[in-house]
Amino acid sequence: MIFENLREFLRYLDRTGQLVRVTQPVSVDLEMAEITDRAMKLPGGGPALFFERPILMDGTESDIPVAINVFGSWRRMSAALGVEDVEEHARRIAELIKPEIPKGLWGKVQMLPKLAELTRVPPRPYKGSPPCQEIVLREGEFDLTRLPVLKTWPQDGGPFITLPMVITADPETGVQNIGMYRMQVFGPDTTGMHWQQHKGGAGHARAWKRTRGGRMPVVVAIGGDPATMYTPSAPLPPGIDEFLFGGFLRRKPVRTAKALTADLTIPAEAEIVLEGYVDTDEPLAIEGPFGDHTGFYTLEEQYPVFHVTTVTMRADPVYPATLVGKPPVEDVYLGGATERIFLPLAKLTIPEIVDYHMPPEGVFHNLVFVSIKKDYPGQAFKVMNGLWGLGLMSLAKVIVVVDEWINVRDTFEAWWYALGNIDPERDVRFSRGPVDDLDHASQIASFGSKMGIDGTKKWKEEGFTRPWPDMIEMSDEVKARVDALWPRLGIDRTP
Ligand SMILES: Cc1cc2nc3c(=O)[nH]c(=O)nc-3n(C[C@H](O)[C@H](O)[C@H](O)COP(=O)(O)O)c2cc1C
């Protein structure tokens, strides 16, 4: 099923019993977050929530409802991306990047659907006036504090927009980037812009300052079709258009429109759009604290100010949000989808990778399990060094490498195997490099150490001279005999 916008997706969630409508008034000041956190921690991720009567920070009621946890289960995340299972997209990408030249006519014919799929998905301009510009509010006509933006944790510096699509362009090439960066609402027409230094938006701001200085146009779309809403959280290589990627996921073009005040392209189906600028010559401002997805507060830091000059929206907008905090919350599924979808791209550079997994307790950058097909001595170290040079994987704090027969998505199995296989002094290595800006433990902000654990079976070519034991496994023959016997034993039925 393909959804054209957030409201279609919400209607589907409602129809299929995956959404709970909260009809009581609920305050955006912590109350909504507490309800959401409890829902998100239910088995499987809990339902999506639709708060019909948000109460704003000043105690008045908002007529804009809040949708939250819309991506917060595997079923919803997959539906948002137009598939039964996000693995389907991983398979499509693997197929697309297969480096093979078709042999003969039949081979070429087989390539055609692949190429046709790509030509079908580039973004297309929306015909007519786009829904996201039904209402246009110019300077002095809007007040961002009237939006139902949540303050999520007690020590937070204020309310934060948490599910935005922040659109910027490279000043030299004009190529757009869309990133999901939280935005603290500072006042009626300003917010913070929390693009961390390793991210696309921050790169554009640096390039802008270097080449032109002054005001860099920035447009923030909130809401849209659910596949496009996910794309700014994905670590796409620079230059790869999020709208194209959104279209690829949906198997249908994303409909776009031109922002009113900037030469930037926006999703026509957004709910709310904030247009404005970041002045690259303006001093940074204090942003935070913010209860972050690490489960700790990110303390006050200096970030740019986003000045909003125009707000456009639908006539009856819905405000989508997410809640981050102690895992597990909704980003388990947003990040989990990224993990699955991007595996084929990691394999392109490091082909011995069989699978990887970033378990929620490691909040993505703290812990990465990798299984590899080991063909030569020391390969586990080659893989960890490769990963530390690969895009945002460079921020990974601990990488644990195991052999191909281990299911890294079963963290019990992965830890058991790795811990059994290591001699710590021999198999654990420390490295240094950039760490996530949110890492509160590194000695210096965003620069610190990394730990690589070689949990693979050791070889004599690696200097290991003792015999290596087999893992315990029952013989297939006995397993088959017991399979036949099992249903008659009644053991499954014993409480
Ligand atoms: C809910 C959520 C909130 C996020 N908030 C931030 C943030 O405040 N700052 C940031 O730099 N990255 C944040 N991220 C991660 C980025 O969206 C992610 O790294 C993405 O790849 C950035 O896109 P870019 O590579 O185009 O910059 C967040 C991700 C999610 C899922």
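Atoms within each ligand, like the ligands themselves, are counted from 1 in listed order.
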Heavy-atom distances under 4.0 Å decide this one: backbone, side chain, both or neither, for Pro232 against ligand 1? backbone
Closest to atom 25 (O) of ligand 1 among protein heavy atoms sits Gly200 N, 4.1 Å
Students should be able to answer this: which protein heavy-atom is nearest to atom 1 (C) of ligand 1, and at what distance? Thr322 CG2, 3.6 Å
Any idea which protein heavy atom is nearest atom 26 (O) of ligand 1, and the distance to it? Asn177 OD1, 2.8 Å
For ligand 1, find out whether one of its N or O atoms is nearer than 3.5 Å to an N or O atom of Trp195. no
Within the structure provided, determine whether Asp292 and Arg182 are in side-chain contact (heavy-atom separation under 4.5 Å). yes
Is Asp437 in contact with ligand 1, taking contact as a heavy-atom separation below 4.0 Å? no
Any Lys/Arg nitrogen of Arg91 or Glu84 sitting under 4.0 Å from an Asp/Glu carboxylate oxygen of the other? no
Atom 15 (C) of ligand 1 - nearest protein heavy atom and its distance: Lys199 NZ, 3.7 Å
In terms of ring plane angle, is the pair Trp74 and Tyr333 parallel, tilted or perpendicular, where the classes change at 30° and 60°? perpendicular
His194, Gln184, Met165: member with heavy atom nearest to atom 7 (C) of ligand 1: His194
Quick one: look at Ile178 and ligand 1, take heavy-atom pairs under 4.0 Å, and tell me if it's side chain, backbone, both or neither. backbone
Are any of the N/O atoms in Val324 less than 3.5 Å from those in ligand 1? no
In the protein, what heavy atom is nearest to atom 16 (C) of ligand 1, and what distance, to one decimal place, separates them? Met180 O, 3.5 Å
Exercise: do Gln197 and Ser446 side chains pair donor with acceptor under 3.5 Å: yes
